[in-house]
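Before any comments, here is the structure.
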Amino acid sequence: MTMQAPAVELRALAHAYDDGTAALRGVDLSIPAGAAVAIVGANGAGKSTLLQHLNGLLLPSSGSVHIDGLQLSRATLAEVRRKVGYVFQDADDQLFMPTVQDDVAFGPLNLGWSAQEAQARVEYALRAVGAWQLAARTPYRLSGGEKRAVAIAGVLAMAPPILVLDEPSSSLDPAGRRRLIDLLRGFTHTRIIATHDLNLALEVCPRVVLLHQGRVAADGEAAMVLGDTALLQHCGL
Ligand SMILES: Nc1ncnc2c1ncn2[C@@H]1O[C@H](COP(=O)(O)OP(=O)(O)OP(=O)(O)O)[C@@H](O)[C@H]1O
Ligand SMILES: [Mg+2]
């Protein structure tokens, strides 16, 4: 009998930055395929550092990252990145082509898809985030919320089975935020979402992982973790 490997498995994951900052201090986490998990925690708790290990933007100082059973390393980086779509906390880190259309098409073309296929994916993804009307615009001249929507479209266009989003609702207006929540709820992808938007976490994610100073302080049912005000307060939320 073969068992399906978890979509994401972190074992004793630790990360220290070059200046010695210990951002992750031994994180164990297993996320089955198709799950939606929110990562919450105070500023500096290690959320972005954790997320950046999921597609190899960062490599572990110690411990390991497995994606669909495949251990992340320099050798497996390309394969891991085909599985994991990563939306940056800061959309400016992600958008770089002269038009929105080109930006969203970049990933699909890079995957070797035909121009026609790529175009279909661009339209699907921009419509999904409500930004199809921005297709001809210049990314760096968009508003913060428009940039955020386009950055999400750029990742959706590549149809990765695992979506990793860092603060996806920041700078979205209420309508954009609602659209995002409905979109994320409707996905069958594995979703890992770092957020300070605890209501988004509750609406989208049945499971919440609370990080505190680089460690998992709680991991459980969303209403349980987010309902524990003493714990949240202890962890700076
Ligand atoms: N490039 C870096 N060099 C050194 N230290 C860093 C670097 N990036 C982050 N850190 C530190 O690592 C720790 C975790 O930061 P991280 O960005 O993962 O937190 P976060 O939970 O995403 O916070 P926020 O809610 O503010 O986005 C913090 O102490 C931060 O100062
Ligand atoms: Mg962060």
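Order of appearance sets the numbers: ligands from 1, and atoms from 1 within every ligand.
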Are the side chain of [X] and the backbone of [Y] linked by a donor-acceptor contact shorter than 3.5 Å?
X: R191; Y: L184; result: yes
X: D68; Y: L70; result: no
X: T190; Y: I162; result: no
X: D197; Y: S169; result: no
X: R81; Y: N55; result: yes
X: H15; Y: L59; result: yes

Nearest protein heavy atom with distance in Å, relative to [atom]:
atom: atom 14 (C) of ligand 1; result: G44 O, 3.3 Å
atom: atom 9 (C) of ligand 1; result: Y17 CE1, 3.4 Å
atom: atom 17 (O) of ligand 1; result: S48 CB, 3.7 Å
atom: atom 26 (O) of ligand 1; result: N43 ND2, 2.9 Å

Answer yes or no: is there an ion pair linking R121 with E117, defined by an N-O contact shorter than 4.0 Å?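 No salt bridge links R121 with E117.
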Flag the pair D92 and K147 as a salt bridge only when some basic side-chain nitrogen lies within less than 4.0 angstrom of an acidic carboxylate oxygen.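 Yes, D92 and K147 are salt-bridged.
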Would A45 count as a polar contact of ligand 1, with the cut-off being nitrogen or oxygen pairs under 3.5 Å?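 Yes.
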Please confirm whether G41 comes within less than 3.5 Å of ligand 1 when only nitrogen or oxygen atoms on both sides are compared.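 By distance alone, the answer is no.
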Can a side-chain donor-acceptor contact be found between Y17 and S61 if the only test is distance below 3.5 angstrom?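 Side-chain D/A pair, S61 to Y17: absent.
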For G214, state whether at least one heavy atom is located under 4.0 Å from any atom of ligand 1.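 For ligand 1, residue contact (heavy atoms, under 4.0 Å) with G214 is absent.
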Mind checking whether R82 and M158 have side chains closer than 4.5 Å, heavy atoms only?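 They are not in contact (no side-chain heavy atoms under 4.5 Å apart), so the answer is no.
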Find out if a path of hydrophobic residues (ILVMFWY) with successive side-chain heavy-atom gaps under 4.5 Å connects I31 to V84.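 Yes; V84 is reachable from I31 via cluster members.
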Which count of protein N, O or S atoms is obtained for distances strictly below 2.8 Å from the Mg ion (ligand 2)?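 Excluding waters, the total comes to 2.
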Using a 4.0 Å cutoff against the non-hydrogen atoms of [X], which atoms of ligand 1 qualify?
X: G46; answer: 14 (C), 18 (O), 19 (O), 20 (P), 21 (O)
X: T49; answer: 14 (C), 15 (O), 16 (P), 18 (O)
X: A23; answer: 12 (O), 13 (C), 14 (C)

Can you measure from [atom1] ([X]) to [atom2] ([Y]) and round to the nearest 0.5 angstrom?
X: L13; Y: R215; atom1: CG; atom2: CZ; result: 12.5 Å
X: S143; Y: R148; atom1: OG; atom2: CZ; result: 11.5 Å
X: L29; Y: I39; atom1: CG; atom2: CD1; result: 5.5 Å

Side chain, backbone, both or neither: which part of [X] has a heavy atom under 4.0 Å from ligand 1?
X: T21; result: side chain
X: D19; result: side chain
X: A194; result: neither

Heavy-atom nearest neighbour of atom 27 (O) of ligand 1 within options E167, H196, Q89: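 Of the listed residues, Q89 has the closest heavy atom.
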Sub-4.0 Å protein heavy atom near atom 31 (O) of ligand 1: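 Not a single protein heavy atom is under 4.0 Å away.
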Counting only heavy atoms on the protein side, is anything nearer than 4.0 Å to atom 6 (C) of ligand 1?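 Neighbour list for atom 6 (C) of ligand 1 includes protein heavy atoms (cut-off 4.0 Å).
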